[in-house]
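To start, the structure itself, in structure tokens.
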Amino acid sequence: MRTFIAPLALALAAATPALAQVPGQPNAAAVQAGSYATDPNHSQVAFAINHFGFNVYNGLFGNITGTLTLDPKAPKAAKVVIDVPVAEVVTTSAKLNEHLKTADFFDTAKFPTAHFESTSVVPQGTRAKITGNLTLHGVTRPVTLDARFVGTGANPMSKAQTVGFEATTQIQRSQFGIVKYVPGVADTVDLRITVAFEKK
């Protein structure tokens, strides 16, 4: 057995990039100016909503696409555009996944994608208030994200220069015309966004 395990361990080690340290570092001074695109495989929007007063229930959107234009010397001029494939909503219940896609909630046959486009950025050190227009369920309303810089560096897999951010916000789903079961299923929805951007 030992004669099998040792060569296998060596093969696995050779196939895995050697990482002397975590590639992404929270060093804002190392952020490179330029145009970036999302890494859709490592970007997510999670939502949390109170369910009939019993518990807080969570769901997730992946395959986030979009762009970021960034110059660390002019952070107020940063621009971010994000598209969220609402039609790919995922929870831990297959039945609920399908219900959320119906006209009771997201009505994804008509509105398969949510769109966010920033209109202003107010930097606060490694944090920022990002205000923009969110289009969801065919309705566009202003939303402000509380964003924070997470890290930057070269992705060891894609070799692309990468910068990552997290953000949170709250929306009232009724303001976007999604009113089914309000207030039993809460009107307020907490959003948590995590996005990795790769330099073009």
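All values below come from the heavy atoms of this structure, side chains included, with hydrogens, waters and symmetry mates left out.
- Between the side chains of D83 and T113, no donor N or O sits under 3.5 Å from an acceptor N or O.
- To the nearest 0.5 Å, atom NZ of residue K79 and atom CG of residue L70 are 14.0 Å apart.
- A donor-acceptor pair under 3.5 Å is absent between the side-chain atoms of T67 and the main chain of Y36, judged by distance alone.
- Side-chain atoms of Q124 and K129 form no donor-acceptor pair, as typed in the model, at a separation below 3.5 Å.
- Linking Ile, Leu, Val, Met, Phe, Trp and Tyr whenever their side-chain heavy atoms come within less than 4.5 Å leaves V150 and V31 in two separate clusters.
- In this model, no donor atom of one side chain and acceptor atom of the other lie less than 3.5 Å apart for Q25 and T152.
- Atom-to-atom distance recorded for D39:CG and N155:CG is 7.0 Å, nearest 0.5 angstrom.
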- Evaluate the criterion side-chain contact (heavy atoms from CB on, under 4.5 Å) for residue pair V45 and R192; output intermediate values, then yes/no. CA-CA 6 Å; V45 175; R192 186 177 182 88; over 6 Å; no
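- At least one donor-acceptor pair closer than 3.5 Å links the side chain of T38 to the backbone N or O of I64.
- Within the 4.5 Å cutoff, side-chain heavy atoms of K101 are placed close to those of V89.
- With T102 contributing its side chain and D104 its backbone, the two residues share a donor-acceptor pair below 3.5 Å.
- Atom-to-atom distance recorded for M157:CE and H42:NE2 is 8.5 Å, nearest 0.5 angstrom.
- Of all the heavy atoms in A28 and T126, the pair that sits closest is CB-CG2, 4.3 Å.
- Both I130 and V143 belong to a common hydrophobic cluster when Ile, Leu, Val, Met, Phe, Trp and Tyr are linked at side-chain heavy-atom distances under 4.5 angstrom.
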- Task: Could you go through the side-chain contact (heavy atoms from CB on, under 4.5 Å) check for F116 and V80 one step at a time?
- Result: CA-CA 8 Å; F116 176 81; V80 61; 4.0 Å; yes
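- A donor-acceptor contact closer than 3.5 angstrom links the side chains of T144 and T131.
- Between F47 and Y57, the ring center distance fails the sub-6.0 Å criterion.
- Rounding to the nearest 0.5 Å gives a distance of 10.0 Å between OG1 of T162 and CD of Q32.
- Closest non-hydrogen pair, A87 versus T108, comes out as CA-CG2, 3.6 Å.
- No side-chain heavy atom of V56 sits less than 4.5 Å from a side-chain heavy atom of H51.
- Using bins of under 30°, 30° to 60° and over 60° for the plane-to-plane angle, the ring pair F52/Y181 lands in the perpendicular bin.
- With hydrophobic clusters built from ILVMFWY side chains whose heavy atoms lie under 4.5 angstrom apart, L145 shares a cluster with V139.
- For the atom pair CG (D146) and CD (Q170), the distance works out to 10.0 Å, reported to the nearest 0.5 Å.
- When hydrophobic clusters are built by joining Ile, Leu, Val, Met, Phe, Trp and Tyr residues whose side-chain heavy atoms come closer than 4.5 Å, directly or via intermediates, V185 is grouped together with F176.
- Between K76 and P123, some side-chain heavy-atom pair lies under the 4.5 Å cut-off.
- In this structure the side chain of I171 reaches within 4.5 angstrom of the side chain of L191, judged on heavy atoms.
- Annotation: the span from L134 atom CG to T169 atom OG1 amounts to 9.0 Å, rounded to 0.5 Å.
- Remark: the backbone N or O of V195 is not paired with any side-chain donor or acceptor of S43 at under 3.5 angstrom.
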- Message: One pair to check against side-chain contact (heavy atoms from CB on, under 4.5 Å): S158 and E198. What are the steps and the verdict?
- Response: CA-CA 9 Å; S158 68; E198 295 186 336; 3.0 Å; yes
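- K73 places no side-chain N or O within 3.5 Å of a backbone atom of A33 that could act as its donor or acceptor partner.
- R173 contributes a side-chain N or O that, together with a main-chain N or O of A186, makes up a donor-acceptor pair within less than 3.5 Å.
- Relative orientation of the H137 and F111 rings is tilted, given thresholds of 30° and 60° on the angle between their planes.
- Using a 3.5 Å distance cut-off with no hydrogens or angles, the side chains of T140 and N133 do not pair a donor with an acceptor.
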- Task: Applying side-chain contact (heavy atoms from CB on, under 4.5 Å), run through V86 and F61 and close with a yes or a no.
- Result: CA-CA 7 Å; V86 178; F61 305 100; 4.0 Å; yes
